[in-house]
Amino acid sequence: MRIGVLGTGNMADALATHWVRAGHEVIIGGRDAHKAKKLAMRIGGSAKPASLRAAAESGQVVLAALPFGAGVYVARELCTALEGKVLLDCSNPVGPGFRLLTEGGPSAAQQLAAAAPGAHVVKAFNLCHEDVWRMRPPVFDGRPLAVPVCGDDETALARVGELVRDVGCEPVAGGGLERAGLVEATAALFIALWVGEGADAQAIAPPLAYAAGPSHQESEGGAGAFR
């Protein structure tokens, strides 16, 4: 698969490194040619530096590894080059005080889709620190990390699912793009718990077997059972 990467920061580095190792052709795009060249050399293999536009034009999938706000500006600038492409959004619209910057409005992913209406936007890879994505692979207690994936186009979702597996994770169907805001809000909550409170965010949810109550037998017919 040909993958264009918009950005030269930590998320671009972490994810593109996995994809090069998996055999994909990766084009690192940046406004700063020196930074793009430096990152491509760091990743090695098939990674090549280019301009933002060249990276967008070359990729079947284009990763927007850009800060919230900057992504919309770049997508609008490159909307013609992104026509028909899978546009993968990993941004987190989280501001000071762990505040969700999109509160009351469209999600970051939906804003990206509005800026590049011809692209197939998919939300993924936003729930973890970049160093987690650098792990080879991200497996905890013998279980691969699950990655929620939100989007409206089945082909785009399949391609992103492949890229999730290439990182060593398992894709989880997160629903359509309208649910991307829920994933972004989850990131804001988790960051507030992890960073602000030093709390274990995993501890707030029971195991799957208990999601509908202590057991099927005990919850069957009970007032607390999900219907």
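Residue indices begin at 1 and follow the sequence shown.
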Closest heavy-atom pair and its distance - Gly7, Ile28:
O-CG2, 4.0 Å
Rounded to the nearest 0.5 Å, what separation is found between the CE atom of Met41 and the CG atom of Leu39?
11.0 Å
Work out which heavy atom in Pro144 is nearest to a heavy atom in Gly142; give both atom names and the distance.
CD-O, 3.9 Å
Spacing of CG belonging to Leu100 relative to CD1 belonging to Ile191, to within rounding of 0.5 Å
10.0 Å
Hey, which of Pro148, Cys90, Ser91, Ser107 is the one that makes side-chain contact (heavy atoms from CB on, under 4.5 Å) with Lys123?
Ser91
In the single-linkage hydrophobic clustering (I, L, V, M, F, W, Y; side-chain heavy atoms under 4.5 Å), do Val195 and Val94 co-cluster?
yes
Tell me, with the steps shown, if Leu163 and Leu15 meet side chain to side chain contact (heavy atoms under 4.5 Å, CB included).
CA-CA 9 Å; Leu163 296 180; Leu15 294 175; over 6 Å; no
Would a 4.5 Å heavy-atom cut-off, applied to side chains only, mark Val183 and Leu127 as touching?
yes
Go through the steps for Phe140 and Met135 under the test side chain to side chain contact (heavy atoms under 4.5 Å, CB included), then give the verdict.
CA-CA 11 Å; Phe140 302 92; Met135 295 174 65; 3.7 Å; yes
Minimum-distance pair of heavy atoms, taken over all atoms of Gly95 and Leu101:
N-CG, 3.6 Å
Just verifying a value: how many Å separate Lys37 NZ and Asp32 CG, rounded to the nearest 0.5 Å?
12.0 Å
Taking C-beta and beyond as the side chain, do Phe125 and Asp89 meet within less than 4.5 Å on heavy atoms?
no
Go through Tyr73 and Leu66 one step at a time and tell me if the side chain to side chain contact (heavy atoms under 4.5 Å, CB included) criterion holds.
CA-CA 10 Å; Tyr73 177 82; Leu66 299 163; over 6 Å; no
Using a strict threshold of under 4.0 Å (side-chain N to carboxylate O), is an ion pair present between Arg134 and Asp13?
yes
Within the 4.5 Å heavy-atom criterion, are Met1 and Val61 side-chain neighbours or not?
yes
Let me know which of Val121, Leu63, Val122, Ile3 forms a side-chain contact (heavy atoms from CB on, under 4.5 Å) with Val86.
Val122
Could you report the tightest heavy-atom contact between Ala116 and Leu87, atom names first, then the distance?
CB-CD2, 4.3 Å
Shortest non-hydrogen contact from Leu157 toward Cys150:
CD2-C, 4.0 Å
Atom pair CG (Leu193) and CD (Gln202), whose distance is rounded to the nearest 0.5 Å:
12.0 Å
Hydrophobic clusters here meaning ILVMFWY residues chained together by side-chain heavy-atom distances under 4.5 Å, can you tell me if Val62 and Val26 are in one?
no
With a cut-off of 6.0 Å (strictly less than), are more than 12 heavy atoms of other residues, nucleotides or ligands near CG of Leu208?
no
For Gln111 and Thr102: C-alpha separation, side-chain torsions, deciding distance, then whether side chain to side chain contact (heavy atoms under 4.5 Å, CB included) applies.
CA-CA 10 Å; Gln111 292 181 36; Thr102 57; 3.7 Å; yes
Mark yes or no for whether Trp133, through its side chain, and Cys128, through its backbone, hold a donor-acceptor pair below 3.5 Å.
yes
Could you tell me whether Glu154 and Arg159 have a side-chain N and a carboxylate O separated by less than 4.0 Å?
no
Is any side-chain heavy atom of Pro171 less than 4.5 Å from a side-chain heavy atom of Val147?
no
When rounded to the nearest 0.5 Å, the distance separating CG of Leu78 from OG of Ser51 is 8.5 Å
Any non-hydrogen side-chain atom of Lys85 less than 4.5 Å from a side-chain atom of Gln60?
no
Should Met11 and Asn126 count as side-chain neighbours, where that means a heavy-atom distance under 4.5 Å?
no
Taking all heavy atoms of Gly30 and all of Thr8, pick out the closest pair and write down the distance.
CA-CG2, 4.2 Å
Residue set satisfying ring-ring contact (aromatic ring centres under 6.0 Å, His included) with Phe190, at least two apart, ordered chain then number -> Trp194
Rounded to the nearest 0.5 Å, how far does CH2 of Trp19 lie from CD of Glu162?
11.0 Å
Do we see a donor-acceptor contact under 3.5 Å between the side chains of Asp152 and His120?
no
